[in-house]
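This report concerns only the one structure given below.
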Amino acid sequence: MYQNQRQINGQKVIEVGENIDTWYLRKWMGVDPANGKPLWERVDPSTGARTTTSTYSQATLQETGVSTPDFYGGLQSEVAYKGLSLSVNFGYSKGAMAYNATRQLFDSDGAYPTYNQMVLADGWSRWTPENPNNATHPQAIYGGNSQSNRPSSRYLEDASYIRLRNITLAYRLPKPV
């Protein structure tokens with residue numbers, strides 16, 4: 001890296017000694033219960049004091065996770081009995097954070113009123129005057145709510161998984177056949 005200087009590449013940051021797949025975004029802090037506006041974290045560069053702001057441009061860009069998994073791998077097993085065999089193959093990954101750009105588009109708090117909007121997942125709720133304290137999403141406003149759908153850690157999701165990749169059931173014919 002040129003003179004060991006930090007390089008910002010889109011929504012990632014590259015620094016000497018740090019993970020090359022580090023997300024560099026504004027940190028999502030939820031919804032202001034008083035008015036339903038989005039909140040992001042602001043860090044004072046001189047004191048390090050952390051506060052919140054409803055103004056996207058005032059929020060601090062910071063490291064918010066990595067897209068490199070802590071570990072990944074696979075498992076394979078095979079059992080056989082009298083010519084019949086069963087083989088299974090699993091893949092897994094743990095610890096990576098993925099940016100869900102599709103959710104950024106469809107979970108946009110009214111920013112794109114002509115698009116279909118996603119249905120909120122179980123356990124999520126939108127701010128309303130009747131639901132000010134438990135809201136996970138800002139108030140939906142036609143045309144958008146204070147840039148709440150701009151790139152931020154709001155759309156980072158755990159990318160850990162275990163997946164069945166292949167399963168094979170086989171029968172070996174006897175030699176005379």
Side-chain angles (χ1 to χ4, degrees), residues 8-14 18-44 48-75 90-167:
I8 299 170
N9 184 12
Q11 296 171 348
K12 302 259 180 117
V13 62
I14 302 169
E18 297 296 327
N19 189 312
I20 196 166
D21 288 322
T22 300
W23 291 107
Y24 194 63
L25 301 161
R26 287 165 174 85
K27 188 173 182 182
W28 175 255
M29 298 303 290
V31 180
D32 187 339
N35 56 23
K37 290 187 176 185
L39 292 173
W40 295 275
E41 186 173 69
R42 179 175 25 193
V43 180
D44 186 314
R50 297 175 182 273
T51 58
T52 58
T53 179
S54 287
T55 305
Y56 181 81
S57 62
Q58 292 177 359
T60 305
L61 283 165
Q62 55 189 303
E63 296 174 8
T64 55
V66 296
S67 60
T68 304
D70 296 332
F71 59 89
Y72 60 93
L75 299 168
F90 290 93
Y92 62 87
S93 177
K94 175 74 173 121
M97 300 295 286
Y99 191 83
N100 191 338
T102 302
R103 195 175 128 223
Q104 180 185 355
L105 178 65
F106 292 115
D107 190 6
S108 62
D109 307 319
Y112 309 113
T114 58
Y115 292 8
N116 288 330
Q117 300 295 303
M118 70 181 262
V119 175
L120 297 182
D122 291 340
W124 290 356
S125 63
R126 190 163 299 284
W127 184 93
T128 63
E130 297 78 31
N131 181 36
N133 296 320
N134 298 323
T136 58
H137 287 63
Q139 179 181 24
I141 297 175
Y142 186 86
N145 187 343
S146 303
Q147 300 181 325
S148 63
N149 69 316
R150 297 290 306 274
S152 73
S153 65
R154 175 183 182 183
Y155 302 109
L156 282 182
E157 299 176 355
D158 183 5
S160 300
Y161 68 89
I162 184 164
R163 181 174 300 136
L164 175 63
R165 291 188 173 187
N166 190 12
I167 186 166

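In this structure, Leu25 CG and Thr60 OG1 are separated by 12.5 Å, a value rounded to the nearest 0.5 Å. For the atom pair CZ of Arg42 and CD of Gln62, the computed distance is 12.5 Å after rounding to the nearest 0.5 Å. With rounding to the nearest 0.5 angstrom, the CG atom of Asp107 is 6.5 Å from the CG atom of Leu120. Taken from OG in Ser146 to CD1 in Ile141, the straight-line distance is 6.0 Å, to the nearest 0.5 Å. Residue Asn149 holds its CG atom at 11.0 Å from CZ of Arg103, rounded to the nearest 0.5 Å.
Closest of all the heavy-atom pairs between Trp124 and Met118 is CZ3-CE, 3.6 Å. Taking each heavy atom of Trp40 and Ser54 in turn, the nearest pair found is CZ3-O, 3.5 Å. Looking at every heavy atom in both residues, Thr55 comes nearest to Thr53 through N-OG1, 3.1 Å. In terms of heavy atoms, Gly95 sits closest to Asp70 at CA-OD2, 3.5 Å. Here the shortest heavy-atom pairing between Trp28 and Ser152 reads CB-OG, 4.0 Å. Shown here for Arg154 and His137, the closest heavy-atom pair between the two residues is NH2-CD2, 3.1 Å.
Taking the ring axis of Phe90 as reference, the NZ or CZ atom of Arg163 does not stay both within 45° of it and closer than 6.0 Å to the ring centre. With a 6.0 Å cutoff to the six-membered ring centre and a 45° limit on the axis angle, Lys12 counts as a cation-pi contact of Trp23.
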Going through the distances and angles, do Val66 and Ile20 end up as a side-chain contact (heavy atoms from CB on, under 4.5 Å)?
-> CA-CA 8 Å; Val66 296; Ile20 196 166; over 6 Å; no
For side-chain contact (heavy atoms from CB on, under 4.5 Å), just list the numbers for Thr136 and Val31, CA-CA rounded to whole Å, side-chain angles, deciding distance to a tenth of an Å, and then say yes or no.
-> CA-CA 6 Å; Thr136 58; Val31 180; 6.0 Å; no
Are Asn134 and Ser125 close enough, and set up right, to give a side chain to side chain donor-acceptor pair (under 3.5 Å), and what steps lead you there?
-> CA-CA 7 Å; Asn134 298 323; Ser125 63; over 6 Å; no
Check step by step if side-chain contact (heavy atoms from CB on, under 4.5 Å) holds for Trp127 and Asp32.
-> CA-CA 9 Å; Trp127 184 93; Asp32 187 339; over 6 Å; no
Criterion side chain to side chain donor-acceptor pair (under 3.5 Å) on Thr68 and Asp21, from CA distance to verdict = CA-CA 6 Å; Thr68 304; Asp21 288 322; 2.9 Å; yes
Criterion side-chain contact (heavy atoms from CB on, under 4.5 Å) on Lys27 and Ser153, from CA distance to verdict = CA-CA 5 Å; Lys27 188 173 182 182; Ser153 65; 3.9 Å; yes
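Here Asp109 does not pair with Lys37 in a salt bridge; the nearest charged N to carboxylate O distance is not below 4.0 Å.
Listed by chain and number, the residues in a side-chain hydrogen bond (donor to acceptor under 3.5 Å, both in side chains) with Ser93 amount to none (sequence neighbours excluded). The side-chain hydrogen bond (donor to acceptor under 3.5 Å, both in side chains) check on Thr51 picks up nothing, with sequence neighbours excluded.
Few gaps surround CG on Asp44; more than 12 heavy atoms of other groups in view lie less than 6.0 Å from it. Remark: Leu75 CG is packed, more than 12 non-hydrogen atoms of other residues, nucleotides or ligands lying under 6.0 Å away. The local environment of OH in Tyr161 is crowded, with over 12 non-hydrogen atoms from other residues, nucleotides or ligands closer than 6.0 Å.
Proximity of a side-chain donor or acceptor of Tyr99 to a complementary backbone N or O of Gln104 within less than 3.5 Å is not detected. Although no hydrogens or angles enter the test, the distance criterion places no donor-acceptor pair under 3.5 Å between the side chain of Arg26 and the main chain of Pro151.
Classified by interplanar angle (parallel below 30°, tilted 30° to 60°, perpendicular above 60°), the ring pair Tyr115/Phe106 is tilted.
Side-chain contact check for Glu157 and Asn100: at least one donor-acceptor pair (N or O, by modelled atom type) lies under 3.5 Å.
Using a 4.5 Å cut-off on side-chain heavy atoms (C-beta onward), Lys94 and Pro69 make no contact.
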